[in-house]
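Step one of this worksheet: look at the structure below.
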Amino acid sequence: MLVTGIEILSKAHKEGYGVGAFNFVNFEMLRTIFEAADVAQSPLIVQASEGAIKYLGMDMVLSMVYTMSKRHSHIPVALHLDHGTSFESCKRAVDAGFTSVMIDASHHPFKENLELTKEVVDYAHSKGVSVEAELGRLMGIEDNVSVDEKDAVLVNPNEAEEFVKVSQVDYLAPAIGTSHGAFKFKGEPKLDFDRLVEVKKRTNIPLVLHGASSIPESVRQTFLSTGGDLKGGKGVPFDFIEQSIKGGINKINIDTDLRLAFIGQVRKMANDHPSEFDLRKYFTPGMEAVKAVIVERMHVLGSAGKI
Ligand code: G3H
Ligand code: 13P
Ligand code: ZN
């Protein structure tokens, strides 16, 4: 059942759990994400980036998601635009049938970010669609950075309060030290949980953690043992994810873990069966590995059994 993002996230915010927002770029990934939610009996957010929409075509994104949500009609699912870069991009997603959009104007100065976010909120809300925005820059923080350096990069709680009040955005992604991809931290993982708690206190809305992949050991091992190179990549440990949820995070964005899990199995198949060229023989183990990652994560997030 396709529902708005805020419907899923306001329940998570009230009850104090996290909902995974999983990126997809093809049918195999989308189908696997839905099947995992079915196994875990979890609410779900599926998200497509502008790049994913370009790759699949907007019509294909919508028809695949509608088909899968019909197939799993008891799972509440929101279709979300990940990192929308302009009003036009968000409007296009709203008009096409997305139930949630992100306007990512976090690289602009505060005032411009606020104005653009408000413009998107006004349009999306008039069509019953929820909106996410971002404050601060997504990048890792090192152990010995000064308070000034952190303030320059991470979310400012005063600004977050004003931003939410004026824009009426439904959920906010505060930068607290995560970054996208497989190389999140130079030294030990570190997030600014105090800042997160302060933002939650000032805004009291669902908060979003971008760059939340964990790179579980089994995924790392398969990827490395089949010839992959992760150059010391590091994810967000599960206990950090749990602490983030305690601090007020309710939407947890995960893409890298799914990519690594899928490609590790494809690589394994290619190594173990060099004469195999039936696509399905490659994709099936990939999908199984991704499903296991998602089901485990839904338990970590606390969304399992919440439908
Ligand atoms: O945060 C970005 C997501 O991982 C999507 O990435 O732009 O390569 O589709 P993409
Ligand atoms: P990861 O790269 O950690 O999976 O983060 C994905 C993300 O934030 C998508 O918006
Ligand atoms: Zn992101």
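For the single chain, residues carry numbers from 1 onward in sequence order. Heavy atoms only: backbone and side chains are in, while hydrogens, waters and symmetry mates are out. Every number for a ligand or one of its atoms is a count from 1 in the order of the listing.
- In terms of protein heavy-atom proximity, atom 2 (O) of ligand 2 is closest to T256 OG1, 2.6 Å.
- H210 has its closest N, O or S atom to the Zn ion (ligand 3) at the position named ND1.
- At a 4.0 Å cut-off, at least one heavy atom of K184 sits close enough to ligand 2 to count as contact.
- Under 4.0 Å from ligand 1, not a single heavy atom of E50 appears.
- In the model, N156 has no side-chain atom that pairs as donor or acceptor with a side-chain atom of D151 under 3.5 Å.
- Electrostatic pairing of K111 and E115 counts as a salt bridge here, judged by a charged N lying under 4.0 Å from a carboxylate O.
- The shortest N/O to N/O separation between H210 and ligand 2 falls below 3.5 Å.
- Neither the backbone nor the side chain of V236 comes within contact range of ligand 2; no heavy atom lies under 4.0 Å.
- Near D255, with a cut-off below 4.0 Å to any heavy atom, the atoms of ligand 1 are 3 (C), 4 (O), 5 (C), 6 (O).
- Remark: the D104 side chain and the S106 side chain contain an N/O donor-acceptor pair separated by less than 3.5 Å.
- Polar contact with ligand 2: absent for N23 (N/O pair, distance under 3.5 Å).
- Only side-chain heavy atoms of N23 come within less than 4.0 Å of ligand 1; its backbone N, CA, C and O stay farther off.
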